[in-house]
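Structure first, commentary second.
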Amino acid sequence: MKKYNPEIIEKKWQNYWAEKRIYKSRADKTKKKFYVLEMFPYPSGKIHMGHLRNYTIGDVTARFYKLNGYNVLHPMGWDSFGMPAENAAIENSVNPKDWTENNIKSMKSQLMKIGLSIDWEREISTCDANYYKHQQKIFIEFFKNGLVYKKDSFVNWDPVDKTVLANEQVIDGKGWRSGAIVEKKKLSQWFLNISKFSEELLGDLNQLESWPEKVKLMQKNWIGMSEGAEIKFKIYQSKLSIDIFTTRPETIFGASFIALSVEHKLSSQFLGDEKFLEFRNKCLKMQETRDSVQEKIGFHSSLFAEHPFIKNEKIPIFFSNYVLINYGNGAIFGCPAHDERDYHFAKEYNIPIKCIIKSKEKELPYCEENKADILINSEFLNEKNIKNAKETIIEKIEKLKIGRKCVKFKLKDWGVSRQRYWGCPIPIIYRKDGEILAVEDSELPIRLPNDIKLTSIGNPLEDHPHWKITKCPETGMEAVRETDTLDTFFDSSWYFLRFCSPISSKEPFKDEDISYWMPVDHYIGGVEHAILHLLYSRFFVRALKVCGKQVPKEPFKKLITQGMVCHETFRTKDNKWIEPKNVIKEKGKYWTNQGSKTIEVIKGRSEKMSKSKKNIVDPDSIVFTYGADTARLFMISDSPPERDLEWSIDGIKAMNKYLEKIYDILSSEFNFTVTFPKDKDMLDQEKRAYEFTNKTIYTFSEDVKNYRFNTAVAKLRELSNHLIKEKLEGQIFNYCWSIYLRLIYIITPHFSQELVYKSGSDQIIENIEWPQADLTKPSNNKVIIVIQINGKKKGVIEIDENIKKDRLIKTIVGSQNNYSIDVKKTKKIIFVPNKIINFVI
RNA sequence: GCGAGCGUGCUGAAAUUGGUAAACAGACAGGACUUAAAAUCCUGCGGGUGGCAACACCCUUGUGGGUUCAAGUCCCACCGCUCGCACCA
């Protein structure tokens, strides 16, 4: 019979902590605050390993800072709007609200069992009207401040989820959730004016010192700033002109055609042209599939543009699939000699290719910008280098008023309309006379109706018999409600603010709470949100600021992106995935039973746990079998947080065995103690243990601060190995092991607290301040110095700390060794105090 | 194609940022206890050469070169893997 019974002790302490409301947090200006946040989950109903890892990392952090004297805020909530609820509703004819609430209930009970130090009194759920009514208010504020607008545009349409997706939500031409190929569809949509903040969002990345460089770079690339110029090309024999954008204005003398996107405003002149419409549809289709990414097709508009600097030079105007409406002005000049795409296009349509840069490279297209290169065939730009030519041409076009220097961004406004039911209703009404009005404050929240029919076709809010019918409160005129709902990324763009004042009913958050708790000090989540959620949130605080809210400029001070939890994969020869637990290894090969037969399976590489690859391990059953403390310990000890974690049941078992062993040792003869009367008469063995323990306090704390949990755990194991080996007794035994329990407490809280309790102490570790490391050495002041000859290790010597070079050399030369050193023959002796001495012969 | 990161035992990894490579674990092997197994405990565990032996010497951080008294760490080239972006003018 095992003494260590996590099932009982974990429940016991969880109940105790809950009863004492030990994790409740209050704003307290007399104390330093610390806001730890993990990305809140979508309530699918079951937690997965990623959650367990994420929340363990956060919890260890939260507990560490709490014990170090900080006033910690560590809340949890639910990102509870979204497609799966609706799909479940269609499939199993349940109400999305009931489905979601049930999921929250079961997921919460799973999370509770992990022993997280969460202030559950701050729990929020985005599908709760108490949450989304504030969100609707925020939307209205945005609306009134011109940060949200409606426009017709071609949007990304997901044919499976039957909704529009934002650009960020289209990955490789496919919907981020459904995986369906996204189509182009023209719809009237609400947009958030995120592009207005492009420059700020980009520039302020520099301030985020504690964000991973990788994430910052991804955001930088996504915002995608490029500097260049806009240049006006007059259309020949017309009053119209085209503004093109280029980053290479100096190549203007090489311009031999104009290319426009099929969605460029000039295309409106050709809408009566069958051939153009056919061409346009072909282009839109090509952009959807992305298969033919390199193929360039053109449609000669029959129009010509006048070259702004070459008299009587007419250049043809094309529409082409390779010019994107999303970027710049949707119009370019083609300079085939110095742009790869223009080159291919020019070849295809027999357009002249004029070289205007003289360089060492002979071959065209030549696209590089080298300092040594100079311009040719370019009139007043001739003989200038590229940088110079750029400046000259920009000056010139600005003087002639046919263009200007400008900066363009790739980042586009964020489309937030979704044609789905299970989301936050957009608080807008359309009056019969065409006015678009924000809903009055007093009418908020606009609630989702419960009596809906969910089918796979159409928007339930649109189809509801009367939900959308309303009146204008001012004029009494008939009106209809907006039936689209908000993208769920809208919900998660401000939840971290709501956690500061979770029950405030008048306002989304209170200034005094925000000024105390914000920004989030450590934000922990998956790297998959590097752009979407994190960029939206950064935008949101800026937009809220514009609306007069007192929020910090950056919401997340430090970001930790944790890696995925991976597990081995197996499949049969006909590519069917097999669960790893059903695979047996024998004779160096892998086998599984199928029916009555045993067949060979192929071991694939370890991949992120996913249902489709059948390599999922359910954390709840692990917690049930081995206990939360074992699971928590494993989650952080194998790999550093930012790296992928390889799931290993052997690893879990080993952690469990380890805890059992320590539990056994401390089950008898142990008395928990916080103080220790250090004195000079300690035995050597006691001095060593004291020193080791205090060194561990220091190194463990440093590792935890720097998110090196794997090495932190290694240090605890070194400590326990040492303490076991030394066979201590009495006060020193109690002291060292007490420190050990207090350190490991942040990882295995139930385990530590139970052992304290069992030892007869009534101390609650949560209430004891983190131990301070005493780094003065009570034992000998010896160090080990490595002896090298020509940089190769020849031996070591244990000697007094801070020994001088000369004395050390004397000692080494005078001692008996396997190597002989003749000081007279050495060319040089390199000495690094207390570390190394190197004799160069 | 562009950008970023990584490459260390059988495996997960560590290395105070230029100073004893492989800490701490897992797997495996051998031993003790046991009638036996499990559990537990002990020992070994990068490669090679020499020796009965304790031991000694040499090699080893993807490959090749370089800087340095000293390189897993810095520089150059190449190979491989992973991730992000991808007609962005």
Side-chain angles (χ1 to χ4, degrees), chain A residues 2 171-173 212-222 224-226 228-229 244-249 251 259 261 286-287 290 292-296 320-324 326-335 338-342 344-345 367 408-412 527-528 530-531 563 605-606 634 637-640 642-655 657-658 660-661 664 699 702 708 710-721 784-796 818 826-832 834-841:
Chain A
K2 288 266 172 298
I171 296 150
D172 287 334
E213 287 303 317
K214 183 188 166 164
V215 174
K216 287 196 273 185
L217 191 68
M218 279 166 76
Q219 290 212 355
K220 186 183 165 200
N221 291 339
W222 188 264
M225 183 178 95
S226 45
I244 62 89
F245 176 71
T246 178
T247 53
R248 302 286 307 270
T251 62
S261 157
M286 282 170 87
Q287 281 169 17
R290 298 196 180 206
S292 41
V293 138
Q294 292 306 322
E295 196 195 332
K296 290 172 184 55
S320 175
N321 65 327
Y322 85 94
V323 182
L324 307 172
N326 290 348
Y327 193 73
N329 296 358
I332 60 157
F333 72 69
C335 177
H338 307 291
D339 184 285
E340 199 151 340
R341 296 150 304 180
D342 297 344
H344 290 303
F345 190 82
C367 309
K408 296 277 177 190
F409 295 92
K410 217 168 85 179
L411 181 68
K412 292 264 295 160
V527 73
E528 65 272 19
I531 293 171
R605 64 155 202 239
S606 177
F634 173 74
S637 45
D638 244 31
S639 299
E642 66 277 9
R643 218 179 294 182
D644 286 352
L645 172 71
E646 182 62 33
W647 170 259
S648 141
I649 192 67
D650 286 326
I652 283 278
K653 286 179 182 162
M655 290 305 160
K657 226 155 71 175
Y658 174 70
E660 272 173 1
K661 180 171 140 182
D664 231 37
T699 54
E702 285 300 301
R708 294 187 299 247
N710 53 332
T711 53
V713 171
K715 272 147 202 164
L716 284 178
R717 297 196 68 140
E718 279 177 326
L719 176 62
S720 60
N721 287 349
I784 290 170
I785 292 178
V786 177
I787 301 160
Q788 294 184 334
I789 295 175
N790 287 342
K792 295 207 167 163
K793 181 192 163 194
K794 291 291 164 188
V796 293
N818 299 316
T826 56
K827 286 187 208 151
K828 213 200 260 186
I829 300 169
I830 283 133
F831 175 60
V832 183
N834 298 328
K835 260 189 188 163
I836 206 157
I837 183 153
N838 185 13
F839 298 90
V840 186
I841 300 171

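As a basis for the values below, the full set of heavy atoms in this structure was taken, side chains included, without hydrogen atoms, waters or symmetry mates. Proteins come first, then strands; the chains are lettered A, B, ... in the order of their sequence lines, and each starts at number 1. Predicted, not measured: the structure shown is a model, and the values here were computed from it.
- Relative to the side chain of A/Lys296, the nucleotides B/A86, B/C87, B/G19 differ in distance, and B/C87 lies closest.
- Rounded to whole Å, the separation between the C1' atoms of B/A56 and B/A38 comes to 43 Å.
- Taking the C1' atom of each, B/U63 and B/C6 are spaced 16 Å apart, rounded to whole Å.
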When you look at A/Lys216 and A/Glu213, which way does the salt bridge (charged side-chain N to carboxylate O under 4.0 Å, His left out) test go after all the steps? CA-CA 5 Å; A/Lys216 287 196 273 185; A/Glu213 287 303 317; 3.3 Å; yes
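- Applying the side-chain hydrogen bond (donor to acceptor under 3.5 Å, both in side chains) rule to A/Glu642 yields no partners; only residues at least two apart in sequence or on another chain are considered.
- Considering CG of A/Asn838 and CD1 of A/Ile789, their distance stands at 9.0 Å, rounded to 0.5 Å.
- Ranking B/U20, B/C87, B/C85 by closeness to the A/Lys793 side chain, first place goes to B/U20.
- Taking A/Lys835 as the reference, A/Val832 meet the side-chain contact (heavy atoms from CB on, under 4.5 Å) condition, with sequence neighbours excluded.
- By the ring pair (Phe, Tyr, Trp, His ring centres under 6.0 Å) test, A/Phe634 pairs with A/Trp647, sequence neighbours left out.
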Quick tally for nucleotides 22-34 of chain B: nucleotides whose base has a protein heavy atom under 4.0 Å get B, sugar-phosphate-only ones S, the rest -, giving -BSSSS-------
So what's the dot-bracket for RNA chain B: Watson-Crick or G-U pairs under 3.5 Å, [ ] if a pair crosses, | if it pairs off-strand? (((((((..(((......[....))).(((((.......))))).(((((....)))))..(((((..]....))))))))))))....
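- When distances run from any side-chain atom of A/Ser226 to the nucleotides B/A89, B/C85, B/A4, the shortest one goes to B/A89.
- The only option from A/Ile836, A/Ile830, A/Val840, A/Ile837 that meets the side-chain contact (heavy atoms from CB on, under 4.5 Å) definition with A/Gln788 turns out to be A/Ile836.
- Every residue meeting the side-chain hydrogen bond (donor to acceptor under 3.5 Å, both in side chains) condition with A/Ser720, not counting sequence neighbours, appears here in chain and number order: A/Tyr658.
- The side chain of A/Pro640 approaches B/A14 more closely than any other nucleotide in the set B/A14, B/G12, B/U20.
- A distance of about 12 Å separates the C1' atoms of B/G72 and B/G62, rounded to the whole Å.
- OP1 or OP2 of B/A89 has not a single side-chain nitrogen or oxygen of A/Thr246 nearer than 4.0 Å.
- A/Lys794 has its NZ atom 6 Å from the P atom of B/C57, to the nearest Å.
- Between the P atom of B/G12 and the CD atom of A/Glu646 lies a distance of 8 Å, rounded to the nearest Å.
- Which of B/A89, B/U20, B/A13 sits closest to the side chain of A/Ile784 comes down to B/U20.
- When the P atom is used for both B/G3 and B/A21, the distance is 37 Å, rounded to whole Å.
- With both ends at atom P, the span from B/A14 to B/A23 equals 13 Å, rounded to whole Å.
- Atom-to-atom, CE of A/Met225 to C1' of B/A89 comes out at 16 Å; the value is rounded to the nearest Å.
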Table of protein N/O atoms under 3.5 Å from nucleotides 65-75 of chain B N/O atoms:
residue : atom : partner  : partner atom : Å
B/C69   : OP1  : A/Lys828 : NZ           : 3.4
B/C69   : O2'  : A/Asn838 : ND2          : 3.2
B/C69   : O2   : A/Asn838 : ND2          : 2.4

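- In this entry the base of B/U49 is anti relative to its sugar, with a glycosidic angle more than 90° from 0.
- Atom pair A/Glu213:CD and B/G5:P shows a separation of 9 Å (rounding to whole Å applied).
- For A/Val796, the side-chain atoms get nearest to B/U20 when compared with the rest of B/A86, B/A14, B/U20.
- Taking atom CD1 on A/Ile789 and atom P on B/C57, their separation rounds to 10 Å, with Å as the unit.
- With sequence neighbours excluded, the residues forming a side-chain contact (heavy atoms from CB on, under 4.5 Å) with A/Gln219 are A/Leu205, A/Trp211, A/Leu534, A/Leu535, A/Arg538, listed by chain and number.
- Note that CG of A/Asn710 and NZ of A/Lys715 are 9.0 Å apart. Values are rounded to the nearest 0.5 Å.
- In the set B/A13, B/C87, B/C58, the nucleotide with an atom closest to the side chain of A/Tyr322 is B/C87.
- For the C1' atoms, the distance linking B/G51 with B/U67 amounts to 40 Å, nearest Å.
- An anti base is found at B/G51: its glycosidic angle is more than 90° from 0.
- Of the two residues near RNA chain B, A/Ser637 and A/Val786, the one whose nearest nucleotide lies more 5' is A/Ser637.
- For the pair A/Lys296 and A/Tyr322, the cation sits on the ring face: its NZ or CZ lies under 6.0 Å from the ring centre, inside 45° of the axis.
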Between the protein and nucleotides 80-84 of chain B, are there any N/O to N/O pairs under 3.5 Å, and if so, what are the atom names and distances?
residue : atom : partner  : partner atom : Å
B/U82   : OP1  : A/Arg605 : NH1          : 2.9
B/C83   : O2'  : A/Lys214 : NZ           : 3.4

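- Nucleotide B/C85 holds its P atom 14 Å from the CG atom of A/Leu411, rounded to whole Å.
- When the side-chain hydrogen bond (donor to acceptor under 3.5 Å, both in side chains) test is applied to A/Glu528, no partner is found at least two apart in sequence or on another chain.
- For the pair A/Arg643 CZ and B/G12 C1', the interatomic distance rounds to 9 Å; values are reported in whole Å.
- Every residue two or more places apart in sequence or in another chain that forms a side-chain contact (heavy atoms from CB on, under 4.5 Å) with A/Asp644 is listed here: A/Met564, A/Cys566.
- As judged by a 4.0 angstrom heavy-atom cut-off over every strand, A/Leu217 is placed among residues touching the sugar-phosphate backbone only.
- Rounded to the nearest Å, the gap between the C1' atom of B/U60 and that of B/G46 is 7 Å.
- For the atom pair CG of A/Asn326 and CG of A/Leu411, the computed distance is 11.0 Å after rounding to the nearest 0.5 Å.
- Without hydrogens or angle criteria, A/Asn321 side chain to A/Glu295 main chain gives a donor-acceptor distance under 3.5 Å.
- Under the side-chain contact (heavy atoms from CB on, under 4.5 Å) criterion, A/Glu340 pairs with A/His344, A/Pro365, A/Cys367, not counting sequence neighbours.
- As judged by a 4.0 angstrom heavy-atom cut-off over every strand, A/Lys408 is placed among residues making no nucleic acid contact.
- Put simply, the side chain of A/Asp638 does not reach to within 4.5 Å of the side chain of A/Glu646, judged on heavy atoms.
- Between A/Asp339 and A/Leu645, the residue anchored nearer the 5' end of RNA chain B, judged by the nucleotide with its closest heavy atom, is A/Leu645.
- Rounded to the nearest Å, the gap between the C1' atom of B/G80 and that of B/A27 is 26 Å.
- Side-chain atoms of A/Ile332 and A/Asp342, non-hydrogen and from C-beta on, do get closer than 4.5 Å to each other.
- In this structure, A/Lys835 places its NZ atom 10 Å from C1' of B/U17, rounding to the nearest Å.
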